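Written out below as structure tokens is the structure these notes cover.
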Amino acid sequence: MANSTLLLPQKSAPSWRAVVELAKPVTWFAPMWAYMCGVVSTGVALPGHWVLLLAGMVLAGPLVCAASQTVNDWFDREVDAINEPARPIPSGRIPGRWGLYIAVAWSAASLALGALLGTWAFVATAVGVALAWAYSAPPFRLKLNGWWGNAAVAVCYEGLAWFTGAAVILGALPNGWIIAAALAYSFGAHGIMTLNDFKAIDGDLALGVRSLPVQLGPAKAARLACVVMALPQAAIILVLIGFGLWPFAVALWALLAAQLYLMADLLKSPREKAPWYNATGTTLYVLGMLVTASAIGTL
């Protein structure tokens, strides 16, 4: 397939605006929020830890997440030349092999900062960077299958970022409850990623991408996403009740009940309402993450 950049005037180097657009800052919020939840789940007072908090948020968002976005755009450049020719790489605003160079440099910078933040932060960062490349780059290209691709994104955006936040503040391996919460919300985030795939059903069908809406059909994929999002939250509520943390359990139940109400509307017309749910129900989901983190911090 011809690369459209060959038809455009080539620059010697990209502008900083094109590099920022390539990194997609709008995507940084989710891992930065999860990192903050990891910090809160330790129960450690923030005064005296602001530098670690800020450094970790830079690691989660402007470095690891930005690197993953750059990797994805580089390996999707030929597809984007057809579907999104205005993107920085196919438009020629990121000329030549600069997209690849930036992806490698940002990945290396992520690993370097992760190493500075401690052993377990480095381990989590290395896993995150590896998953980012496996998601987009051959031979794995996990993104071509909704089961594996969504799992990789969910783990990176939620679980690893949560784990890293706790590990950085503690300077050690987080306890089992923190790790369990990170895993639970990673599991639930798989459903969020499934709903996110609804916007690209037609393109995925044309390009052979086996997202879950393509594999299962919109109705079944939406039902699965709702179950996957609701189950870990329900399990956490039961655990909080078991520990007698009723205020947190009630708050989390209220957030889940609101999600269930919205899910009922989503399931009536999943293909049309998936973007709406991601703007409403997903917001409640991430607020529940902070409630859970606050509860764990009291244990």
Side-chain angles (χ1 to χ4, degrees), residues 1-36 51 53-114 116-117 125 128-138 141 143 149 152-153 156-158 160-161 164 192-193 196-197 199-200 203-204 207 209 275 278-279 282-283 286:
M1 183 182 300
N3 191 327
S4 67
T5 60
L6 298 177
L7 305 177
L8 298 170
Q10 295 296 298
K11 300 178 180 179
S12 59
S15 70
W16 67 268
R17 290 183 179 85
V19 174
V20 171
E21 184 181 344
L22 184 68
K24 299 179 185 175
V26 71
T27 65
W28 300 352
F29 171 77
M32 292 171 72
W33 179 267
Y35 179 90
M36 184 182 71
V51 172
L53 175 64
L54 293 175
M57 292 181 75
V58 169
L59 175 64
L63 284 180
V64 175
C65 186
S68 72
Q69 297 298 336
T70 303
V71 171
N72 187 62
D73 269 28
W74 173 255
F75 287 103
D76 274 359
R77 63 194 183 279
E78 294 186 342
V79 173
D80 286 345
I82 299 171
N83 296 327
E84 296 184 86
R87 293 288 306 145
I89 292 176
S91 69
R93 288 178 293 128
I94 301 286
R97 298 177 67 83
W98 271 97
L100 178 61
Y101 302 152
I102 294 168
V104 172
W106 242 242
S107 297
S110 300
L111 293 170
L113 182 54
L116 289 175
L117 292 176
T125 302
V129 169
L131 286 175
W133 283 82
Y135 176 80
S136 300
R141 293 280 283 174
K143 67 180 296 177
V153 175
C156 288
Y157 274 44
E158 307 295 354
L160 285 173
T164 303
I192 297 173
M193 297 303 111
N196 192 54
D197 286 337
K199 67 179 185 293
D204 288 345
L207 297 170
V209 177
N278 267 338
T282 299
T283 301
V286 299

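None of the values given here were measured: they were computed from a predicted structure. Count residues from 1 along the sequence.
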At their closest point, which heavy atom of [X] faces which heavy atom of [Y], and how far apart are they?
| X | Y | answer |
| --- | --- | --- |
| V129 | S110 | CG2-CB, 4.2 Å |
| A161 | P31 | CB-O, 3.3 Å |
| A55 | L117 | CB-CD2, 4.1 Å |
| T70 | A23 | OG1-CA, 4.4 Å |
| S68 | A132 | CB-CB, 3.6 Å |
| P90 | D80 | CG-CB, 3.9 Å |

Are [X] and [Y] side-chain neighbours, meaning at least one heavy-atom pair lies under 4.5 Å?
| X | Y | answer |
| --- | --- | --- |
| P88 | R17 | no |
| W106 | P62 | no |
| V104 | L100 | yes |
| Y157 | T27 | yes |

About how many Å separate [atom2] of [Y] and [atom1] of [X], when rounded to the nearest 0.5 Å?
| X | Y | atom1 | atom2 | answer |
| --- | --- | --- | --- | --- |
| L111 | L59 | CG | CG | 9.0 Å |
| L116 | T125 | CG | OG1 | 10.5 Å |
| W133 | R141 | CH2 | CZ | 12.5 Å |
| L63 | W28 | CG | CH2 | 8.5 Å |
| R77 | R97 | CZ | CZ | 7.0 Å |
| Q69 | S136 | CD | OG | 8.5 Å |

### Task
Can you label the angle between the W98 ring and the Y101 ring as parallel, tilted or perpendicular, going by 30° and 60°?
perpendicular
### Message
Let's go through R87 and D76 carefully: what are the C-alpha distance in whole Å and the side-chain angles of both, what is the deciding distance for salt bridge (Lys or Arg N to Asp or Glu O under 4.0 Å) to 0.1 Å, and is it a yes or a no?
### Response
CA-CA 11 Å; R87 293 288 306 145; D76 274 359; over 6 Å; no
### Query
Cut-off 3.5 Å, side chains only: do K143 and N72 have a donor facing an acceptor?
yes
